[in-house]
K.L.:
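This is the structure I have questions about; it appears just below.
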Amino acid sequence: MKTHYSSILTFLIISLLTITSCKKEVKIKKPATPKDLLKENIIPKPVTLTATGSSFELNSNSEIHYQSDALKPIANYLSELLQPATGFKLPIKVMSSMPSTDHIYLSLSDSIQHKEGYLLTIKENGIDLKANKPAGLFYGIQTLRQLLPANIELKEKQNNTWLIASGTITDEPSYSYRGAMLDVARHFLGLETVKRYIDLLSFYKINTLHLHLSDDQGWRIEIKSWPNLTTHGGSTEVGGGEGGFFTQEQYKELVKYAQDRFITIVPEIDMPGHTNAALSSYPELNCNGKATKPYTGTRVGFSSFCTDKDITYKFIDDVIRELAEMTPGEYIHIGGDESDATPIKDYIKFINKVQKIVSSHGKKVLGWDEIAHATLEPNTIVQYWARDSTENKNAFNAVKQNAKILMSPATKAYLDMKYDKTTKIGLDWAGLTEVDVAYNWSLENHIEDISKENIIGVEAPLWTETVENIKDLEFLAFPRVIGIAEIGWTPTSQRNWEEYKVRLGKHKDRLDALHVNYYTSELVPWQSTVTDTVVSTPKEN
Ligand code: TNX
């Protein structure tokens, strides 16, 4: 009997131990909180979205796994992006296949065909992001960023949970060139300002930043073989301020910074007009051999290189060579606009010669649409900036020569136009450009007879006659440049202003968290979802 009791007791103890130890093995999963991917507000709008009605929770146990060493920088970028607001230091690990559970996996796959496309699959137990190239992973990450609560953008640790709606997103851009242009010549805007702009542009999947590096009022890039360009030519700006310039080291730093965010820098040296800063730095570039006076006003069309002198082409060859050596991107922009002080036959000869110089340094030419007067080299791109259809003939000439067009119609894409009569900074020569006007157009329908095959993409220029600092820049660029980003990415058939304005309005929290000094247009239903955690930015303009 005694033995019997003791064996029952032993049995009970063993059973109990087994049960408790088994329990330890079982992972208790919190029930997933439902979230609807279709209610998220992604800009640019992705090509397809499928919701599965649940969510993935990013937490302190999450990890970022990447398929091969080449993807380490992007895994690192994601981990660092998520750290400040979540407080999680998510480990990054190389793993040749998708982990079974709870992690974010970044991989490359030929099943994604577009070189900038991505496929994002979000499940309760993990996130799978695939792309053809690292650029696509970067874009998928920007989408992921927009699926997290807006306070993910804050720099201080937040205490909320980090849910991402589940489902699938397949996405790729309509156009390969999605750009912004910044004029650092009229007012010099330094390294930190340009980096900040790059950060904000990359959030909306813009992939090119064109820097307008020289104009009548200032020369902004160090050229070692012609040092007076910056010591003298860089020392002025509109209004008589002290100007400034990028050293070659700083320029290279910018190129790298942009590259890390999948943005290509396109440097512009504007010529033969818009050249007073160079003409005042080197007398030999003038036909009369005399240096001009520095210029700090805002007129255009009065300056020209001397197109008959050999020294002019020696100078241009040196400048383009030094620039090309520091520029990994395929394009050098040669300006060519508003050359009213250059007779047309000289202008044509000049543009033909300069295209050859650019090709000899292994780069392709981009130029404002007037360059279509010349004989275009096979890969030259023509940037359309006309304000109305009477000015379309340059674009037609370009297409006749089989050149592709970069679309920057002044009435839609010029970020320096005022929003309305009350806007304190900006110009109005191309009209007033409210947020709806800047969005409500499409690249392939803008010029009759110029269709998608002729167009490489879109660029939004910001000329800085009235822009003195980052706050001015942000006020004119945002939110219009966000719409331009969507015009370049999302198929026209999937866009309309009524739907877009609601989505844009819901980016309020993100723009506030990023401290962007955007214009709070009355046409946009700005809507906050997390007012208590978001730091709002005082508006300055
Ligand atoms: C025209 S657009 C210019 C610039 C001015 C701008 C001001 C273009 C190719 N040239 O020189 O800064 O207007 O909006």
Side-chain angles (χ1 to χ4, degrees), residues 179-189 210-220 236-239 266-279 295-305 331-342 347 351 354 365-374 380-388 390-395 398 405-419 423-433 437-438 446 458-468 472-473 475-477 480-481 484:
M181 186 216 81
L182 184 59
D183 169 9
V184 292
R186 267 47 177 277
H187 279 100
F188 181 62
L189 299 161
H210 161 187
L211 289 176
H212 182 76
L213 290 169
S214 69
D215 213 302
D216 292 317
Q217 300 86 346
W219 186 285
R220 308 298 180 205
T236 48
E237 63 182 11
V238 166
V266 173
E268 175 185 352
I269 300 298
D270 201 349
M271 54 191 152
H274 288 280
T275 42
N276 188 70
L279 296 168
Y295 182 68
T296 58
T298 58
R299 273 190 307 121
V300 297
F302 61 87
S303 56
S304 179
F305 279 149
Y331 296 109
I332 302 267
H333 201 300
I334 61 168
D337 58 315
E338 299 172 319
S339 296
D340 305 344
T342 320
Y347 176 85
I351 296 294
V354 173
V365 171
L366 239 163
W368 298 107
D369 61 34
E370 291 96 319
I371 68 163
H373 288 292
T380 293
I381 307 280
V382 168
Q383 184 165 10
Y384 171 89
W385 66 279
R387 90 181 90 174
D388 61 51
T390 65
E391 297 174 344
N392 284 351
K393 63 180 184 316
N394 291 337
I405 308 287
L406 174 60
M407 294 293 290
S408 301
T411 50
K412 306 285 182 185
Y414 268 36
L415 300 175
D416 59 316
M417 292 302 121
K418 290 175 184 285
Y419 291 98
T423 312
K424 293 200 185 95
I425 52 174
L427 306 175
D428 59 8
W429 65 264
L432 300 168
T433 309
V437 173
H446 188 74
V458 63
E459 187 177 280
L462 178 55
W463 302 99
T464 58
E465 286 92 336
T466 66
V467 173
E468 296 184 25
D472 293 347
L473 179 164
F475 185 77
L476 289 174
R480 288 182 290 198
V481 76
I484 299 290

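Below, all heavy atoms of this structure are taken into account, side chains as well, without hydrogens, waters or symmetry copies. Whatever order the structure lists them in is the order used to number ligands and atoms, beginning at 1. For the single chain, residues carry numbers from 1 onward in sequence order.
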K.L.:
Return the closest protein heavy atom for atom 1 (C) of ligand 1 as residue, atom name and distance.
P.N.:
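Nearest neighbour among protein heavy atoms for atom 1 (C) of ligand 1, to 0.1 Å: E338 OE2, 3.4 Å.
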
K.L.:
What I'd like to find out is whether the side chain of I332 reaches to under 4.5 Å of the side chain of L366, using heavy atoms alone.
P.N.:
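Heavy-atom side-chain distance check fails, nothing below 4.5 Å.
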
K.L.:
What protein heavy atom is closest to atom 13 (O) of ligand 1, reported as residue, atom name and distance in Å?
P.N.:
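The protein heavy atom lying closest is W429 CZ2, 3.4 Å.
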
K.L.:
Please report which non-hydrogen protein atom sits nearest to atom 12 (O) of ligand 1, along with the residue it belongs to and the distance in Å to one decimal place.
P.N.:
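The closest one turns out to be E465 OE2, 2.6 Å.
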
K.L.:
Give me the one residue out of T342, D216, N276, D215 that meets side chain to side chain donor-acceptor pair (under 3.5 Å) with S303.
P.N.:
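Of T342, D216, N276, D215, side chain to side chain donor-acceptor pair (under 3.5 Å) with S303 is met by D216 alone.
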
K.L.:
Can you see whether Y414 has R387 sitting over its ring - NZ or CZ less than 6.0 Å from the centre and within 45° of the normal?
P.N.:
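No cation-pi geometry.
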
K.L.:
Starting from the C-alpha separation in whole Å, work towards a yes-or-no answer on side chain to side chain donor-acceptor pair (under 3.5 Å) for H187 and E465.
P.N.:
CA-CA 7 Å; H187 279 100; E465 286 92 336; over 6 Å; no

K.L.:
Could you tell me whether the side chain of L182 reaches within less than 4.5 Å of the side chain of H210, counting heavy atoms only?
P.N.:
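A side-chain contact under 4.5 Å is absent here.
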
K.L.:
What atoms in ligand 1 come closer than 4.0 Å to a heavy atom of M417?
P.N.:
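In order of number, 14 (O).
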
K.L.:
Do H446 and W385 have ring centres separated by under 6.0 Å?
P.N.:
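When the ring centroids of H446 and W385 are compared, they turn out to be at least 6.0 Å apart.
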
K.L.:
For atom 10 (N) of ligand 1, find the nearest protein heavy atom and state the residue, atom name and distance (0.1 Å precision).
P.N.:
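Of the protein heavy atoms, D337 OD2, 2.9 Å lies nearest.
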
K.L.:
Is ligand 1 less than 4.0 angstrom away from at least one heavy atom of H274?
P.N.:
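In this structure, H274 qualifies as a contact of ligand 1 - some heavy atom is under 4.0 Å.
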
K.L.:
About how many Å separate CH2 of W368 and CG of D270, when rounded to the nearest 0.5 Å?
P.N.:
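The CH2 atom of W368 is 8.0 Å from CG of D270, to the nearest 0.5 Å.
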
K.L.:
Hey, which atoms in ligand 1 end up nearer than 4.0 Å to a heavy atom of R186?
P.N.:
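Near R186, meaning under 4.0 Å from one of its heavy atoms, ligand 1 has 4 (C), 5 (C), 11 (O), 12 (O).
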
K.L.:
Going by the order shown, which atoms of ligand 1 are within less than 4.0 Å of some heavy atom of D416?
P.N.:
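Result: 7 (C), 14 (O).
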
K.L.:
For atom 2 (S) of ligand 1, which protein heavy atom lies nearest, and how many Å away is it?
P.N.:
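The closest one turns out to be Y414 OH, 2.5 Å.
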
K.L.:
What are the atoms of ligand 1, with element, lying closer than 4.0 Å to any heavy atom of L427?
P.N.:
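With L427 as reference, the close atoms of ligand 1 come out as 7 (C), 14 (O).
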
